[in-house]
Amino acid sequence: MKKITEQEIQDYVGEVGKFEKEHRKGSSFYCSATHIFNEEDIKNLAEDDIDASAFLGVQVEMDGMWSDDWGTDWDSTSYSKVEEYQELVPEVVIPEHYVTKQKTSKFEPEFDK
C-alpha cells in the first residue's frame, strides 16, 4: 500500500468535501473545498491501495479557481488536526447536558517526494 500524495488528497477532497464557489467573471469561479478525514475515508482509500491513515481526524481546506474550460486549480491547501471534546452546559432553561465541540491545531503532513 502506498502513502497518499498531496495530489491524491486534493482530488479526494475536491470530490467528497464541501465544495463552495463564488462567481468571478465569465465561466470562472473562486472555489473552496473542506473535508475532515474519518474512518470511512481511510477505508475507501485503502480499497484503492492508498494509505491515508496519518490523516485520520485531519481537516483539509483548499482554495482555488474553477472554470468550465479548465476544471479546478487549487492555489492553497491547509491542514488542521481536529479533536472533538464535550463541554457541560449548565441548567438554565433546559436540564444540563453536554455538547460536542471541536478544536483544531496545525497539522504538517509529510509527503514522499
Requested in this report: Measure the shortest side-chain to side-chain distance between Asp49 and Lys2 over non-hydrogen atoms and say whether it is less than 4.5 angstrom.
Outcome: no
Query raised in the report: Going only through I, L, V, M, F, W and Y residues with side-chain contacts under 4.5 Å, is there a path from Ile9 to Phe107?
Result: yes
Query raised in the report: Looking only at atom types and distance, does a side-chain atom of Lys81 sit under 3.5 Å from a main-chain N or O of Leu56, one as donor and one as acceptor?
Result: yes
Report task. Answer whether the closest heavy-atom distance between the side chains of Glu84 and Lys103 falls below 4.5 Å. Result -> no
Requested in this report: List the steps and the verdict of side-chain contact (heavy atoms from CB on, under 4.5 Å) for Asp51 and Ile4.
Outcome: CA-CA 6 Å; Asp51 178 17; Ile4 194 165; over 6 Å; no
Requested in this report: Report yes or no: does Asp48 contribute a side-chain atom to a donor-acceptor pair with the main-chain N or O of Ile50 at less than 3.5 Å?
Outcome: no
Query - Intermediate values then yes/no, side chain to side chain donor-acceptor pair (under 3.5 Å), Thr34 and Gln59 - result: CA-CA 7 Å; Thr34 305; Gln59 176 174 291; 5.8 Å; no
Requested in this report: Go through the steps for Asp41 and His35 under the test side-chain contact (heavy atoms from CB on, under 4.5 Å), then give the verdict.
Outcome: CA-CA 10 Å; Asp41 297 315; His35 184 67; 2.7 Å; yes
Query - Connected via hydrophobic side-chain network under 4.5 Å: Val16 and Phe37 - result: yes
Report task. Indicate yes or no: at least one non-hydrogen side-chain atom of Leu45 is less than 4.5 angstrom from one of Tyr12. Result -> yes
Requested in this report: Would you please say whether a donor-acceptor pair under 3.5 Å links the side chains of Tyr79 and Glu6?
Outcome: yes
Query - Closest non-hydrogen atom pair between Tyr85 and Gln102, with its separation - result: CE2-C, 3.9 Å
Requested in this report: Of all the heavy-atom pairs spanning Phe19 and Gly14, show the shortest one and how long it is.
Outcome: CD1-O, 4.3 Å
Query - Nearest-0.5 Å distance, CD of residue Glu22 to OG of residue Ser28 - result: 11.0 Å
Query raised in the report: Does the side chain of Ser80 come under 3.5 Å of the side chain of Glu61 through a donor N or O and an acceptor N or O?
Result: no
Report summary line: Of all heavy-atom pairs linking Met65 and Tyr30, the shortest is SD-CD2, 3.4 Å
Requested in this report: Answer yes if the side chains of Asp69 and Ser67 hold a donor-acceptor pair under 3.5 Å, and no otherwise.
Outcome: no
**Report entry** Shortest non-hydrogen contact between Val58 and Ala54, atoms and distance
**Finding:** CG2-O, 4.1 Å
Requested in this report: Identify the two heavy atoms, one from Cys31 and one from Trp74, that lie closest to each other, and give their separation to 0.1 Å.
Outcome: SG-CZ3, 3.7 Å
Report task. Report the distance from atom CZ of Phe111 to atom CD of Glu8, rounding to the nearest 0.5 Å. Result -> 9.5 Å
Query - Sub-4.5 Å side-chain heavy-atom contact between Met62 and Val13 - result: yes
Requested in this report: Indicate, with yes or no, if Val82 and Phe55 share a hydrophobic cluster defined by side-chain heavy-atom contacts under 4.5 Å among Ile, Leu, Val, Met, Phe, Trp and Tyr.
Outcome: no
Query raised in the report: More than 12 heavy atoms of other residues, nucleotides or ligands under 6.0 Å from NZ of Lys18: is that the case?
Result: no
Query raised in the report: Counting only heavy atoms not in Gln86, do more than 12 sit closer than 6.0 Å to its CD atom?
Result: yes
Report task. Kindly give the heavy-atom pair with the smallest separation between Asp63 and Ser32, and that separation in Å. Result -> OD1-CB, 3.3 Å
